[in-house]
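Accompanying notes for the structure given below.
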Amino acid sequence: MPAALLTEEVIARTAPLYERVRRVIPPVEWPAFANDIDAILRLKRERNAIVLAHNYQTPEIFHCVADVVGDSLALAREAMTAEADVIVLAGVHFMAETAKLLNPGKRVLIPDLEAGCSLAASITAADVRLLRERYPGAPVVAYVNTSAAVKAASDICCTSGNARRIVEALGAPRVIMIPDEYLARNVARETGVEIIAWAGHCEVHERFTAAEIRELRSRYPGITVLAHPECPPEVVAEADFAGSTAAMSDYVGRKKPPRVVLVTECSMSDNVAVHHPEIEFVRPCNLCPHMKRITLANIRRALETLRHEVTIDPAVAAGARRAVERMLEL
Ligand code: 13P
Ligand code: SF4
């Protein structure tokens with residue numbers, strides 16, 4: 001909505017929110033956000049709704065309208081215990097499906113049905129069944145970045161925050177881990193377990209290279225490099241630390257490196273930088289086109305129209321829920 005239509009009341013109501021993000025959103029951009037933010041806050045009250053936002057959402061969503069923020073694991077946990085009538089998932093489709101699986105009585109909305117994931121799109125349930133036939137007896141660990149049908153065809157889920165623990169807890173000499181080849185290879189190196197991988201990749205993290213990290217180190221002396229485990233193993237090998245988006249954020253908060261690069265999706269640095277003005281963030285920018293489909297405008301529309309509601313095929317719901325719940329129990 002154009003700035004001219006902003007009322008004095010909206011400006012006053014949203015002023016404290018702008019204070020949170022003024023280091024990462026220039027004043028000239030704020031009027032374009034303020035009306036939607038104000039409307040979303042009102043609609044959340046009217047609908048008894050909450051917004052769960054992934055760490056890759058843009059700062060005006062992450063810091064101004066989200067009730068809960070975090071990595072895939074944290075969002076799944078929060079969804080499970082949420083008491084609101086409506087859950088809006090500011091993230092991608094598999095996250096909304098996971099929320100619905102864990103709290104089936106709630107209305108779960110995704111603001112854009114096309115917000116997918118290259119990993120989730122890389123494998124089908126039929127592929128999982130073929131892998132089982134080829135490697136009989138090997139348990140199947142499905143990354144949460146998969147469809148409900150793929151989860152149902154698997155034994156247990158994992159996220160980047162618990163992949164190592166899940167694989168170790170299975171106690172099997174050989175594990176099928178799908179669909180992220182790089183996460184699987186990174187976990188194999190950490191655990192020593194033989195891992196059968198699938199050739200799926202995250203289209204954001206696969207673009208980082210080891211040469212790029214070496215170049216960053218020579219251009220920014222003393223820089224601390226934190227990488228997401230969806231990056232190729234040779235990139236992870238160049239990093240000081242590898243972990244989920246939440247683990248990277250915690251690392252920055254705990255160790256406060258004076259200069260840091262988060263080798264992951266761009267918005268993550270903006271969101272973490274808001275809390276750490278004293279830290280220099282170097283930002284090679286790889287955007288996730290799926291995460292970026294979520295905007296204030298479509299969150300507002302989702303709350304106004306109660307669309308798009310996420311449903312799960314009853315034929316796979318019970319199996320998929322079991323795989324996610326097994327992960328949370330471990
Ligand atoms: P986490 O936030 O669980 O680390 O996952 C990253 C990711 O790519 C989600 O799409
Ligand atoms: Fe999928 Fe990668 Fe985007 Fe995450 S960042 S949603 S893994 S494509």
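Predicted model only: the values in this text are computed from it and were never measured. Whatever order the structure lists ligands and atoms in, that order sets their numbers, starting from 1. Only this structure's heavy atoms are used, side chains among them; waters, hydrogens and symmetry mates stay out.
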Option whose closest heavy atom lies nearest to atom 7 (C) of ligand 1, chosen from Met268, Met248, Glu230, Glu265: Glu230

Proximity of Tyr182 and His201 rings by center, below 6.0 Å: yes

Residue and atom name of the nearest protein heavy atom (relative to atom 2 (Fe) of ligand 2), distance in Å to one decimal: Cys202 SG, 2.3 Å

Numbered atoms and elements of ligand 1 in range of Asp71, under 4.0 angstrom, heavy atoms: 1 (P), 2 (O), 3 (O)

Protein heavy-atom partner closest to atom 3 (Fe) of ligand 2 - residue, atom, separation in Å: Cys288 SG, 2.4 Å

Atom indices of ligand 2, in the order listed, that fall short of 4.0 Å to a heavy atom of Tyr56: 5 (S)

Other residues, nucleotides, ligands: >12 heavy atoms within 6.0 Å of Lys255 NZ: no

CZ/Arg77: more than 12 non-hydrogen atoms of other groups inside 6.0 Å: no

Glu230 heavy atom under 4.0 Å from ligand 2: yes

Nearest-contact summary for atom 3 (O) of ligand 1 - protein heavy atom, Å: Ser72 OG, 2.8 Å

Cluster check Val235, Val204: I/L/V/M/F/W/Y, side chain < 4.5 angstrom: no

His54 N/O to ligand 1 N/O under 3.5 Å: yes

Polar contact flag for Asn55 and ligand 1 (N/O pairs, less than 3.5 Å): no

Met291 neighbourhood, listing ligand 1 atoms whose heavy-atom distance to it stays under 4.0 Å: 10 (O)

Thr159 contact mode with ligand 1 (heavy-atom cut-off under 4.0 Å): neither

Per-atom contacts of ligand 2 with Leu119, taking only distances under 4.0 Å to non-hydrogen atoms: 7 (S)

Side chain to side chain, Val282 and Leu216, heavy atoms closer than 4.5 Å: yes

Per-atom contacts of ligand 2 with Val204, taking only distances under 4.0 Å to non-hydrogen atoms: 5 (S)

His63 ring center within less than 6.0 Å of His275 ring center: yes

Atoms in ligand 2 flagged as close to Ser118, the criterion being non-hydrogen separation under 4.0 Å: 8 (S)

Contact atoms of ligand 2, heavy-atom distance to Asn145 under 4.0 Å: 7 (S)

Contact flag Cys117/atom 1 (Fe) of ligand 2, N/O/S atoms, threshold under 2.8 Å: yes

Minimum side-chain heavy-atom gap Leu73-Val144 below 4.5 Å: no

Protein contact of atom 6 (C) of ligand 1 - nearest heavy atom, named by residue and atom, plus distance: His228 NE2, 3.3 Å

Contact check: Ser244 vs ligand 1, nitrogen or oxygen atoms, below 3.5 angstrom: no

Interatomic spacing from OG1 in Thr245 to NE2 in His54 - rounded to 0.5 Å: 4.0 Å

Side chain to side chain, Val141 and Ile176, heavy atoms closer than 4.5 Å: no

Close approach of Met95 to ligand 1, heavy atoms, under 4.0 angstrom: yes

Contact with ligand 1 for Asn145, non-hydrogen, under 4.0 angstrom: yes

Side-chain donor/acceptor of Arg326 to backbone N/O of Asp155, under 3.5 Å: yes

Hydrophobic cluster identity match, Leu119 and Val92, side-chain contacts under 4.5 Å: yes

SG proximity flag Cys117/Cys202, limit 2.5 angstrom: no

